[in-house]
Each structure stands twice: as C-alpha cells, then as structure tokens.
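Labels below follow one simple rule: chain letters A, B, ... track the order of the sequence lines, proteins then strands, and each chain is numbered from 1.
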Protein chains: 2
Amino acid sequence: MSPTLEPAQVASPPESAPTRGRGRPRSAAAHQAILDAAIDILAESGIEALTVEGIASRAGVGKTTIYRRWPNKELLLVEAVSNIVTADEPLPDNGSIREDLIAIAQVIRERYTRGPLGRILPALLSAQLRRPEFAQIVREHVIEPRRALVLGIVQRAVDRGELRADLDPELVFDMVTAPLFYRSVVLGRTPPEESLAAMVDMVLDSCRA
Amino acid sequence: MSPTLEPAQVASPPESAPTRGRGRPRSAAAHQAILDAAIDILAESGIEALTVEGIASRAGVGKTTIYRRWPNKELLLVEAVSNIVTADEPLPDNGSIREDLIAIAQVIRERYTRGPLGRILPALLSAQLRRPEFAQIVREHVIEPRRALVLGIVQRAVDRGELRADLDPELVFDMVTAPLFYRSVVLGRTPPEESLAAMVDMVLDSCRA
DNA sequence: CCGAAACGCAACGTTATCGTTTCGATGGGT
DNA sequence: ACCCATCGAAACGATAACGTTGCGTTTCGG
C-alpha cells in the first residue's frame with residue numbers, strides 16, 4: 001500500500017539529479033517552514049498535539065506539500081529534529097581547564113534553556129526506546145558533539161599536566177553535563193551563572209594533578 | 001457536558017463514607033489492575049499508545065469500570081503514576097558518608113533500571129511542562145524523597161565533622177543524583193556497581209572537612 | 001433472600017487524524 | 001511563450017479513540 005507513485009524520495013535534498021526538474025521547483029521556504037512548525041508544536045504542546053494538519057496550518061502550507069516530501073509523520077519529525085540540533089560549537093581554549101569547562105557548561109545551559117531543545121528532549125528520550133532512529137539522532141546530534149568537546153579539553157589539560165593522567169574522561173563528561181541536564185530539563189530551572197562554576201569546581205577538585 | 005451525574009468523585013479511595021455502599025462494592029482488584037495496566041502500557045509503548053480501550057483490555061476490565069472511577073484518561077494517569085512511585089526508602093546509616101551515599105545511589109539506580117519508572121519518566125517530564133499535576137507528582141514522589149534522603153545523610157556527616165560545614169547540600173544532591181539519572185534514563189545504560197563508588201568519590205573529594 | 005450497585009461485554013454516535021485525491025492558480029525553466 | 005511540476009485549499013473515505021448507553025450477570029449488604 002501507499003505506492004509512493006514515483007518520486008517521493010526518502011529525504012528532501014535533491015538526491016542524484018539536482019538540475020533535472022522541468023516544472024516549478026519545490027519551495028525551500030515551505031520546506032523549512034514545515035520543519036520549524038513541527039518543532040514549535042512539539043516544544044509547545046507535546047507529541048500528542050503533533051498532527052500533520054496542525055503542522056501544515058502553522059507553516060501556512062497545504063497538507064499536499066507535506067506528503068509530497070515525507071511519506072509519514074515520523075520521517076518528517078526525524079528530519080525536523082536532526083535539523084534543529086545541528087549546531088557545532090568550537091572547542092574553547094582559555095588555557096585553563098576550569099575556564100574551558102565553564103565555557104562549555106554555559107553553551108550547554110544555553111542550548112537547553114534558550115531554544116526548543118530542552119522542551120523536546122523528554123519526548124525524544126521517551127521515543128528512543130522504541131524508535132532506533134530517534135535514539136541515533138539524540139546520540140549523534142546531542143550527546144556525541146558534547147562528549148567530543150569535553151573529552152578534547154580534558155585531554156589537553158592532561159597533556160598540560162593540569163589534570164591527573166589516570167582519570168576517567170567519561171566520568172568527567174557525565175559529572176559535568178548530567179547536572180546541567182538535570183537542573184535545566186528535569187527541574188525546569190535555568191542554572192544561574194555562579195552555579196556553573198561551582199559544579200565545575202566540584203568535579204575538578206578530584207581531578208587535579 | 002459530561003454532568004458527572006452524582007458520584008464520580010475525583011479520586012478512588014472511599015472519601016467520606018467508606019461504609020455507605022448498599023450494593024456490590026467496587027472491586028479493589030480491578031482498580032489496581034487498571035492502574036497497573038496503564039503503567040505497563042506507558043512504559044512499553046509510550047504515551048501515544050495509552051488508550052482507555054487498551055487499558056481496559058489489558059486489565060481484563062470493561063471500559064465502563066474505568067469511566068465509573070475516573071472522568072477521563074488524564075486523571076487516571078495521575079493516580080496510576082502516583083501509585084507506582086510511592087516507595088519510601090529508609091535513611092541508610094553506615095556511619096560513613098561514603099557508604100551512605102553509595103547505598104542511596106544503589107537504591108536510585110535500582111528504581112530507574114528495574115521497574116517502569118525509568119521508562120515513564122521522560123513522558124512525565126515532557127508532560128509536566130503543560131500539566132501542573134504531573135509536575136507535582138514528579139516533584140513530590142520522585143525528587144523530594146531523594147532530596148530528603150541525601151540532605152539527611154549530608155547533614156549527619158556535617159554534624160560528625162566528616163564534611164565541611166559550609167558546603168551546599170543542594171549541590172551535593174544534584175551532583176550525586178543527576179549522573180545516575182543521566183546514565184540510566186538518558187543513555188539507557190545500567191551504571192555498574194563500581195561506577196557508583198567512583199561518582200560518589202568524585203563528589204566527596206571536594207566536600208571533606 | 002432480596003435488592004442495589006458494580007461487573008464484563010458490546011454497540012452506539014461523535015470527533016479527530018490519517019493519507020489520498022481533485023482543483024484552479026502560480027511561477028520557474030527552456 | 002509555453003510547459004509542467006508545485007503550490008494552497010478543500011473534500012474524500014478509512015480508521016481509531018473517545019465517552020455513553022443498554023444488557024444480562026455477579027456480588028455483596030441489610
């Protein structure tokens with residue numbers, strides 16, 4: 001069922017023949033408006049309220065335009081989420097592990113409390129038990145980038161002799177990021193500036209060379 | 001609409017007149033089976049799959065029996081969740097802050113990974129942004145009991161002179177419980193025994209007198 | 001033992017969402 | 001200038017869940 005006539009490729013970006021279109025090209029603005037509307041509804045009203053008709057209405061788009069691009073709601077959501085969480089941060093380098101970790105903590109705090117990420121994360125976590133594609137998105141776009149950042153600056157601090165060489169980088173990563181997640185997403189509070197330094201200091205106290 | 005005729009009290013337990021019934025009493029077994037079925041479905045298939053008909057079917061109960069007790073799905077879920085997360089733990093007392101914190105960490109780890117709590121928590125977090133009643137359940141039944149435990153043993157350790165008197169108990173609480181939540185629920189892994197001690201030790205390193 | 005209330009079951013009408021289809025209009029390619 | 005695919009809008013049938021009602025049965029209390 002659902003013959004998907006001929007085109008309806010899986011994803012959106014032109015796959016093999018980007019210049020082969022002869023008629024009216026698909027509107028990139030509509031594409032982005034659809035993804036944005038999906039994220040907005042998910043963040044504001046939860047996954048129960050996320051309907052195709054609601055997305056179309058909010059994006060100022062016909063349902064046809066959505067179904068021409070994605071075969072179902074789930075794949076649309078996968079692309080919408082992937083689209084929002086891809087924001088690569090540069091590796092901070094202040095010459096001190098303490099300053100670097102605080103900088104990263106500020107970035108993470110910002111991402112959880114400013115944009116929609118903090119509000120949609122619980123829904124993604126709840127879905128990832130049953131949907132491997134969502135688990136991969138969370139891993140690939142949320143966890144891994146931060147892990148790379150923290151592990152990078154920890155390694156640099158070890159090389160400088162600032163930190164013990166035998167400490168567990170994974171443990172440092174979890175101890176720095178978990179309380180941020182907990183306070184921002186679980187408790188729904190924005191951790192104040194000073195608390196970031198306090199958390200970092202507590203972790204560092206047992207890591208110094 | 002939905003006049004709620006006369007009874008249909010808000011909650012389930014007999015409120016004012018427990019002995020006023022004249023006909024057949026409501027089945028306590030059915031009541032519990034309904035709550036259990038709701039939790040099971042929520043943990044296994046997510047909040048999207050949580051339907052009244054599904055709950056009735058799984059509980060071996062007619063829909064009528066459900067609607068006679070709760071006016072709608074949300075209030076049923078509120079009671080089901082409150083029902084599952086009420087398990088008071090005794091305050092551990094091993095004479096050492098380290099042993100006590102590890103004991104608490106083991107209890108928390110158990111609750112997240114053994115029962116359904118870890119699987120339904122993301123759904124509750126997602127809902128608590130829009131439903132104050134769920135926010136209160138999470139606060140009252142999940143966060144507060146653990147906070148009381150940790151704050152209690154920290155205070156005792158301070159009194160013993162084992163820990164610095166000027167440390168922030170809230171920070172200790174967050175630093176101990178957040179990584180457990182993160183690894184169990186977010187990453188979906190069961191933290192191994194040794195990692196609990198490592199996490200506790202990292203926190204304690206900056207707290208000792 | 002009699003009656004009242006709760007029980008499981010099945011069917012009901014209502015509403016909402018899905019995914020599809022049709023329609024006339026639009027606008028970028030060639 | 002002419003295509004022609006895409007556009008937004010609207011309606012479609014199908015499916016599913018909601019919440020209600022009636023029915024015959026079961027189970028207690030008085």
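For the residue pair A:Gln128 / A:Glu133, no side-chain donor-acceptor distance below 3.5 Å is found, with atom types taken as modelled.
Look at A:Arg26 and you'll find a side-chain N or O under 4.0 angstrom from OP1 or OP2 of D:dT6. The phosphate of D:dT21 (OP1 or OP2) has no side-chain N or O of B:Arg68 nearer than 4.0 angstrom.
In the set D:dG8, C:dC7, C:dG29, the nucleotide with an atom closest to the side chain of A:Pro25 is C:dG29.
Side chain of B:Ser82 to backbone of B:Val78: a donor-acceptor contact under 3.5 angstrom is found. The backbone N or O of B:Val138 lies less than 3.5 Å from no partner atom in the side chain of B:Glu144, so there is not a single donor-acceptor pair.
Counting non-hydrogen atoms of neighbouring residues, nucleotides and ligands closer than 6.0 angstrom, the CZ atom of B:Arg130 exceeds 12 such neighbours.
Side-chain atoms of A:Met199 and A:Leu196, non-hydrogen and from C-beta on, do get closer than 4.5 Å to each other.
Per the geometry, OH belonging to B:Tyr67 stands 18 Å off P belonging to C:dC12, to the nearest Å. Between A:His31 atom NE2 and D:dT6 atom C1' the separation is 14 Å, expressed in whole Å. The CD1-C1' distance, from B:Ile34 to C:dA6, rounds to 12 Å in whole Å. In this structure, the CD1 atom of A:Ile66 is 16 Å from the P atom of D:dT6, given to the nearest Å. Distance A:Ile55 CD1 to C:dT17 P: 12 Å, rounded to the nearest Å.
Residue A:Gly54 is classed as having no contact, given no heavy-atom separation below 4.0 Å to the nucleic acid.
Contact annotation: side chain of B:Lys63 to base of D:dG19, donor-acceptor pair present below 3.5 Å.
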Please list, pair by pair, any protein nitrogen or oxygen found under 3.5 Å from a nitrogen or oxygen in nucleotides 13-17 of chain D.
none

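Ranked by how close their nearest DNA chain D nucleotide is to the 5' end, B:Thr64 and B:Arg24 are led by B:Thr64.
By the side-chain hydrogen bond (donor to acceptor under 3.5 Å, both in side chains) test, B:Glu99 is found to be paired with no residue, residues two or more places apart in sequence or in another chain being considered. Residues meeting the side-chain hydrogen bond (donor to acceptor under 3.5 Å, both in side chains) test with A:Arg146, sequence neighbours left out: A:Tyr112.
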